[in-house]
Amino acid sequence: MDGQQWIWIIVAILVIAIVVAVVLFGRRAKAAADRKRAAQLREQARTDALGAHERRAEAARAEADAHRAESEAERLHNEAMKKQKDSERANQISQDRLRRAEALDPDGGDSGRRDEASGRGDGSPERRDDEGDGEARRDPRP
């Protein structure tokens, strides 16, 4: 073997060593880039998980608020129904008392007709106190 063959062998070995070094360096660089990207994805996943947890908590609060609002609405509805019933009961009592007063009052409501039917229609005008001032006035009706 002469010197020139030795030079070609050494050049070939150097080329192979450079190729191997580039491949190894490339793998290490890719692994480092993959580690960095994986760390970024993990951080993003943590952020997304935290956001999802906050949204779940907000949804739970909104649901609790909705349940409270439903309970309050039901309570207000029941209160309104009770007040309506109380109002109807008071109105009924008032109507009953008015009917009893009409039945007892000889000068009230239908009493003029009852007096005429019983023979009191003597032609004398009735005295009425419609204005509440304590003075009875003659009824202008014939």
Side-chain angles (χ1 to χ4, degrees), residues 1-121 124-142:
M1 271 206 217
D2 66 357
Q4 194 158 7
Q5 285 181 336
W6 280 106
I7 293 175
W8 283 111
I9 291 174
I10 292 175
V11 169
I13 290 174
L14 284 175
V15 169
I16 291 172
I18 291 172
V19 169
V20 169
V22 167
V23 168
L24 288 176
F25 180 73
R27 283 185 182 171
R28 286 184 184 160
K30 184 179 182 313
D34 287 348
R35 281 187 201 95
K36 185 177 178 180
R37 178 72 178 137
Q40 289 173 342
L41 288 174
R42 284 187 194 99
E43 185 61 32
Q44 189 176 12
R46 281 188 208 110
T47 302
D48 292 346
L50 181 59
H53 180 70
E54 288 174 357
R55 285 189 293 279
R56 274 194 304 272
E58 287 175 15
R61 280 191 296 272
E63 185 175 0
D65 289 345
H67 286 300
R68 274 193 297 275
E70 287 174 356
S71 296
E72 180 66 10
E74 186 174 339
R75 184 189 68 77
L76 289 173
H77 176 73
N78 290 340
E79 185 179 327
M81 295 302 292
K82 182 183 178 296
K83 287 181 179 183
Q84 178 68 29
K85 287 179 183 176
D86 290 346
S87 170
E88 289 172 0
R89 192 174 310 118
N91 189 34
Q92 184 64 37
I93 290 170
S94 172
Q95 293 295 323
D96 288 346
R97 286 182 180 158
L98 184 60
R99 277 190 291 268
R100 279 189 280 151
E102 290 289 326
L104 291 176
D105 189 2
D107 295 329
D110 297 333
S111 65
R113 288 188 206 124
R114 279 184 271 144
D115 288 342
E116 288 176 9
S118 65
R120 182 170 176 247
S124 63
E126 294 183 30
R127 295 180 58 83
R128 298 177 32 152
D129 185 9
D130 290 338
E131 295 177 12
D133 60 0
E135 291 187 27
R137 290 183 176 53
R138 296 220 176 256
D139 191 358
R141 294 183 294 186

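Atom OG in Ser94 sits 9.5 Å away from atom CZ in Arg99 (nearest 0.5 Å).
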Determine all donor-acceptor pairs shorter than 3.5 Å in which one atom belongs to a side chain in residues 29-39; sequence neighbours excluded.
residue : atom : partner : partner atom : Å
Lys30   : NZ   : Asp34   : OD2          : 3.0

Quick one: side chains of residues 59-68, donor-acceptor pairs under 3.5 Å with protein atoms, not counting sequence neighbours, listed by atom name and distance.
residue : atom : partner : partner atom : Å
Asp65   : OD1  : Arg68   : NH2          : 2.1

Hey, can you pull the donor-acceptor pairs under 3.5 Å for the side chains in residues 75-83, sequence neighbours left out?
residue : atom : partner : partner atom : Å
Arg75   : NE   : Glu72   : OE1          : 3.2
Arg75   : NH1  : Glu79   : OE1          : 3.0
Arg75   : NH2  : Glu72   : OE2          : 2.5
Asn78   : ND2  : Glu74   : O            : 3.4
Glu79   : OE2  : Lys83   : NZ           : 3.2
Lys82   : NZ   : Asp86   : OD2          : 3.1

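In this structure Ile93 satisfies the side-chain contact (heavy atoms from CB on, under 4.5 Å) test together with Arg89, Arg97, sequence neighbours excluded. For Gln4, the side-chain hydrogen bond (donor to acceptor under 3.5 Å, both in side chains) criterion is met by no residue, not counting sequence neighbours. For the side-chain contact (heavy atoms from CB on, under 4.5 Å) test, residues two or more places apart in sequence or in another chain that qualify with Arg56 are Ala52, His53. For the side-chain hydrogen bond (donor to acceptor under 3.5 Å, both in side chains) test, residues two or more places apart in sequence or in another chain that qualify with Glu88 are Gln84. Partners of Val11 by side-chain contact (heavy atoms from CB on, under 4.5 Å), not counting sequence neighbours, listed by chain and number: Ile7, Val15. When the side-chain hydrogen bond (donor to acceptor under 3.5 Å, both in side chains) test is applied to Gln44, no partner is found at least two apart in sequence or on another chain. Shown here are the side-chain hydrogen bond (donor to acceptor under 3.5 Å, both in side chains) partners of Asn91, two or more places apart in sequence or in another chain: there are none.
Proximity of a side-chain donor or acceptor of Thr47 to a complementary backbone N or O of Glu43 within less than 3.5 Å is detected.
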